[in-house]
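Report on one structure; see the data block that follows.
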Amino acid sequence: MKYLSVVKQFLINALMLFACIILTLVLINGAFGINVIVESKDIRTIFLIALVCSSTNVVFFSKKVLTEQQIKVRMMIHFLLVEVTAILAVMVMDLVEGMGSYIVLAIQIAIIYFIMKFLTFSADKKEADEINQRLASKRWNKE
Amino acid sequence: MKVILEEISKEKEEEIIVRCHKIDERILSTINRIKNRNDILLGYEKDNIYRIHLDNIYYIEAVDNKVFFYTRDKVYESKQRLYELENQIQGESFFRASKSTLLNVSKIDFIKPSISGRFIACLENNENVVVSRQYVPVLKTMLGI
């Protein structure tokens with residue numbers, strides 16, 4: 001049952017990623033006038049990429065409760081896996097050319113990754129503040 | 001619902017009177033919980049057995065198939081499994097904070113987020129306990145958020 005929920009989450013992530021890539025391509029075509037032609041072969045490739053990218057989350061699964069240090073190490077591994085997978089995906093789809101472009105791409109991926117982490121942390125901080133306020137009011141009532 | 005608390009002298013017997021419109025499932029389960037309330041756990045330390053009041057337990061943790069209670073400055077071993085204790089103390093101020101921990105809400109000083117995506121509960125005795133993201137909604141429900 002537990003493994004089933006892990007597989008379910010993996011498929012949901014892959015489908016979400018696939019939908020995001022397709023939507024981005026549609027937006028690029030519509031908003032910026034860039035003509036990216038997507039054939040059925042490309043759609044299969046995009047889905048495969050989404051599956052591979054989603055599978056990088058495997059590094060966070062563990063039967064035991066991980067320590068903070070172990071989580072941080074796994075986050076670094078996850079970041080490297082995301083970088084490698086995304087660059088390989090771009091290579092397969094032949095979207096950029098030249099070493100410089102790949103370096104710029106790697107930096108962009110890193111920036112997006114850390115922005116996402118920062119946004120998650122900010123949302124968590126807001127949630128923690130809400131909990132702390134309630135804890136404080138309970139304590140105050142008790143006293 | 002109105003709640004009346006009255007302090008009585010030691011000579012008188014303690015009692016709880018429930019005045020309700022209808023005796024339903026909710027009322028009966030509340031009464032059952034009060035009747036069966038077992039707020040003492042047995043803790044083992046070397047060859048000694050101690051009766052530990054739930055209010056004195058900060059958190060309960062399973063480590064390598066053993067279960068431990070953590071009080072302000074002492075650790076006791078339990079002979080019960082974590083899920084048994086979880087069932088036993090249901091309805092008390094404890095909630096599951098991670099796969100291996102039950103945490104006493106009343107002992108939490110404050111909560112802070114961690115960069116790892118989890119939350120850290122800082123307790124009144126300055127210990128830190130990890131709260132998994134998936135159990136944060138349980139804590140929020142307990143606090144009425």
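All values derive from a computational prediction rather than experimental measurement. Below, each value reflects all heavy atoms present in this structure, side chains not excepted, and no hydrogens, waters or symmetry copies. Numbers restart at 1 for each chain; the letters A, B, ... are given by sequence-line order, proteins then strands.
By the neighbour-count criterion of 12 heavy atoms within 6.0 Å, atom CE of Met142(B) is densely surrounded, having more than that number from other residues, nucleotides or ligands. Taking a 6.0 Å sphere around CG of Leu23(A), one finds it holds more than 12 heavy atoms contributed by other residues, nucleotides or ligands. The 12-atom threshold is exceeded at CZ of Phe60(A), counting heavy atoms of other residues, nucleotides or ligands nearer than 6.0 Å. Heavy-atom contacts from other residues, nucleotides or ligands closer than 6.0 Å to CG of Asn65(B) number 12 or fewer. Within a 6.0 Å radius of CG in Asn126(B), other residues, nucleotides and ligands contribute 12 heavy atoms or fewer.
For chain A, the option among Pro113(B), Gly117(B), Ser132(B) with the highest count of heavy-atom pairs below 4.5 Å is Pro113(B).
Met75(A) approaches Ser116(B) most closely through the heavy-atom pair SD-CA, 3.7 Å. Nearest heavy-atom pair across Leu143(B) and Arg134(A) is O-NH1, 2.8 Å. Closest heavy-atom contact between Leu135(A) and Asp109(B): CD1-O, 4.5 Å. Taking both residues in full, the closest heavy atoms of Arg118(B) and Thr67(A) are given as NH2-C, 3.4 Å, listed atom of the first, atom of the second, then distance.
Cluster annotation: Phe18(A) is connected to Leu11(A) through the hydrophobic network of ILVMFWY side chains, with a link wherever side-chain heavy atoms come within less than 4.5 Å. Val7(A) and Ile12(A) fall into different hydrophobic clusters, where Ile, Leu, Val, Met, Phe, Trp and Tyr side chains are chained together by heavy-atom contacts under 4.5 Å.
With Phe110(B) as the fixed residue, the side-chain contact (heavy atoms from CB on, under 4.5 Å) test singles out one of Asn132(A), Asp129(A), Ile131(A): Asn132(A).
Within the 4.5 Å cutoff, the side chain of Glu127(A) has no heavy atoms near those of the Ile111(B) side chain.
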query: Do Glu68(A) and Asn128(B) pass the side chain to side chain contact (heavy atoms under 4.5 Å, CB included) test, and can you show the C-alpha distance, the side-chain angles, and the key distance before you say yes or no?
result: CA-CA 11 Å; Glu68(A) 279 294 291; Asn128(B) 291 340; over 6 Å; no
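Val131(B) does not touch chain A: none of its heavy atoms, backbone or side chain, sits under 4.5 Å away. At a 4.5 Å heavy-atom cutoff, the contact between Lys72(A) and chain B is made by side-chain atoms alone.
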